[in-house]
Asks: 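Just passing along the structure, written as structure tokens.
In the text below, chain A, chain B and the rest are named by the order of the sequence lines, each starting its count at 1.
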2 protein chains.
Amino acid sequence: MARKIDPDQREQHKAAIAEAVWRLVARSGLEAVSLREVAGEAGVSVGRVQHYFGTKDALLLYGLRLAQQRMEGRIRRRIAGLVAPGAEDVLRATLAELLGDDPDTRQAVRVWTAFLGRALDDRAIAEALFADDVELRAFTTEVVGSPLDAHGLWALANGLAAEVACGQTTAADARAVVDHHLDRLLGSPDR
Amino acid sequence: MARKIDPDQREQHKAAIAEAVWRLVARSGLEAVSLREVAGEAGVSVGRVQHYFGTKDALLLYGLRLAQQRMEGRIRRRIAGLVAPGAEDVLRATLAELLGDDPDTRQAVRVWTAFLGRALDDRAIAEALFADDVELRAFTTEVVGSPLDAHGLWALANGLAAEVACGQTTAADARAVVDHHLDRLLGSPDR
DNA sequence: CCATTGTCAATACGACCGTATTGATATGCT
DNA sequence: AGCATATCAATACGGTCGTATTGACAATGG
């Protein structure tokens, strides 16, 4: 046996490559992602990409999953900044991050939108894309009272996110729409 | 000068090729669309496809536009079947078609979802995809009263449509969500 | 120390892609 | 009649793609 070495470095290398994928996807779409392009964007060799991911599909899947994790982290950090938040505040903060102006979030939503088309025929990607939805809707149902309203709220938010990703709506306009919808569902925020 | 010939046949040939594109996209995603695959699916030669469309991008754009036109026709036909429809009935019928069980509509929504990712970096496709939204939201604003509600309603509907396209939600469930939302916006249908 | 194993870089391979080119055939105007 | 043109089918071309292969180097456990 030999070579145990720092597993953190391994994850850092993989993450750096995944981030290159995000930049490419956000800038030029999924069809611009080739191993050579990714390697170039990340400033590494194709061999390195192959070594860590083996296959292109595995790379894309890892990239998507990591993007979701990073997004979850940003949401958690936003919630951690609230003082004595109730469930409604948590919901509002989550939506605010999804449609917020953080560049990483905006990039992630563009990535998310790009993968949506691939989720049509790739089960693994569809699972990764929609993995959090069940939990998210369950939590939302408790806040808004009705599962139909919870489902509708996230469909609305995701629809808006796609519009923003495609440049059809500004993030600010999308927030106004979702706020208006939330006020209807929950009553005005400070009441 | 010579060779004016039936322009209908030209359009029929183009439409047959576009329909092959839809089948491929709906079955295997946009990445499965190559000129050779399209020609094979349509049962024609690659030369024919090239002759009518010249370029792959032009073919995809034509396919998307024709899909939207066909969709509009199905909606119009549904509305024509209503007796003395008010504006609210027209809106409900439009949404019902988008989330209805018509196989052509379901296929079109899958195509729409596939193109969404490409709309991130292709302006022409983005324009075609979102071309009808302005008009649709304007009309909806008159029905529901508020532009924010109109925007939200279509974001919700499109979000649900994407979920259905990816197999994450059944069309029936999506209709239930949108009906529930409409009842909240407009009051129950027969009131 | 040395065998093993993780980490790559370089390159080769075969497949497929979009497009250009060429040429054949049919059609309809003059 | 004959010519211009639309309509293709067939094929060639150059490029890119994902992946496999090979080999070098480094680090480490025994």
Asks: List the atom pairs, with distances to 0.1 Å, where a side-chain N or O of residues 164-181 of chain A and a protein N or O form a donor-acceptor pair under 3.5 Å, not counting sequence neighbours.
Replies:
| from | atom 1 | to | atom 2 | distance (Å) |
| --- | --- | --- | --- | --- |
| A:T169 | OG1 | A:E163 | OE1 | 2.6 |
| A:T170 | OG1 | A:D173 | N | 3.0 |
| A:T170 | OG1 | A:D173 | OD2 | 3.4 |
| A:R175 | NH1 | A:L99 | O | 2.9 |
| A:R175 | NH1 | A:D101 | OD1 | 3.4 |
| A:R175 | NH2 | A:D101 | OD2 | 3.3 |
| A:H180 | ND1 | B:D149 | OD1 | 3.0 |

Asks: Do you know the tightest heavy-atom contact between B:A157 and B:L98?
Replies: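 Shortest heavy-atom contact: CB-CD2, 4.0 Å.
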Asks: For every nucleotide of nucleotides 11-20 of chain D, 5' to 3': is a protein heavy atom under 4.0 Å from its base (B), only from its sugar-phosphate (S), or from neither (-)?
Replies: ------BBBB
Asks: Could I get the full list of salt bridge (charged side-chain N to carboxylate O under 4.0 Å, His left out) partners for A:R23, not counting sequence neighbours?
Replies: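 For A:R23 the salt bridge (charged side-chain N to carboxylate O under 4.0 Å, His left out) partners, ignoring immediate neighbours, are A:E41.
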Asks: For residues 29-39 of chain A, run the donor-acceptor check on the side chains, cut-off 3.5 Å, and write out each pair with its distance to 0.1 Å, sequence neighbours left out.
Replies:
| from | atom 1 | to | atom 2 | distance (Å) |
| --- | --- | --- | --- | --- |
| A:S34 | OG | A:E37 | N | 3.1 |

Asks: How many whole angstroms separate atom CZ of B:R48 from atom C1' of D:dA6?
Replies: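 For the pair B:R48 CZ and D:dA6 C1', the rounded distance is 12 Å.
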Asks: Nearest-Å distance, NE2 (B:H51) to P (C:dA24)?
Replies: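 Whole-Å distance recorded here is 18 Å.
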Asks: Got a sec, which pairs hit ring-ring contact (aromatic ring centres under 6.0 Å, His included) with one end in residues 95-142 of chain B, sequence neighbours left out?
Replies: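 Not a single pair qualifies under ring-ring contact (aromatic ring centres under 6.0 Å, His included).
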Asks: My understanding is that only residues two or more places apart in sequence, or in another chain, count here; which of them pass salt bridge (charged side-chain N to carboxylate O under 4.0 Å, His left out) with A:R70?
Replies: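 A:R70: salt bridge (charged side-chain N to carboxylate O under 4.0 Å, His left out) contacts with A:E19.
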Asks: Atom NE2 of A:H13 to atom P of C:dT7: distance rounded to whole Å?
Replies: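 That distance rounds to 9 Å.
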Asks: In whole Å, I'd like the distance from the CG atom of B:L60 to the P atom of C:dC17.
Replies: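 It works out to 13 Å between those atoms.
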Asks: Round to a whole Å and report the spacing from CD of B:Q9 to C1' of C:dA26.
Replies: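 B:Q9 atom CD is separated from C:dA26 atom C1' by 12 Å.
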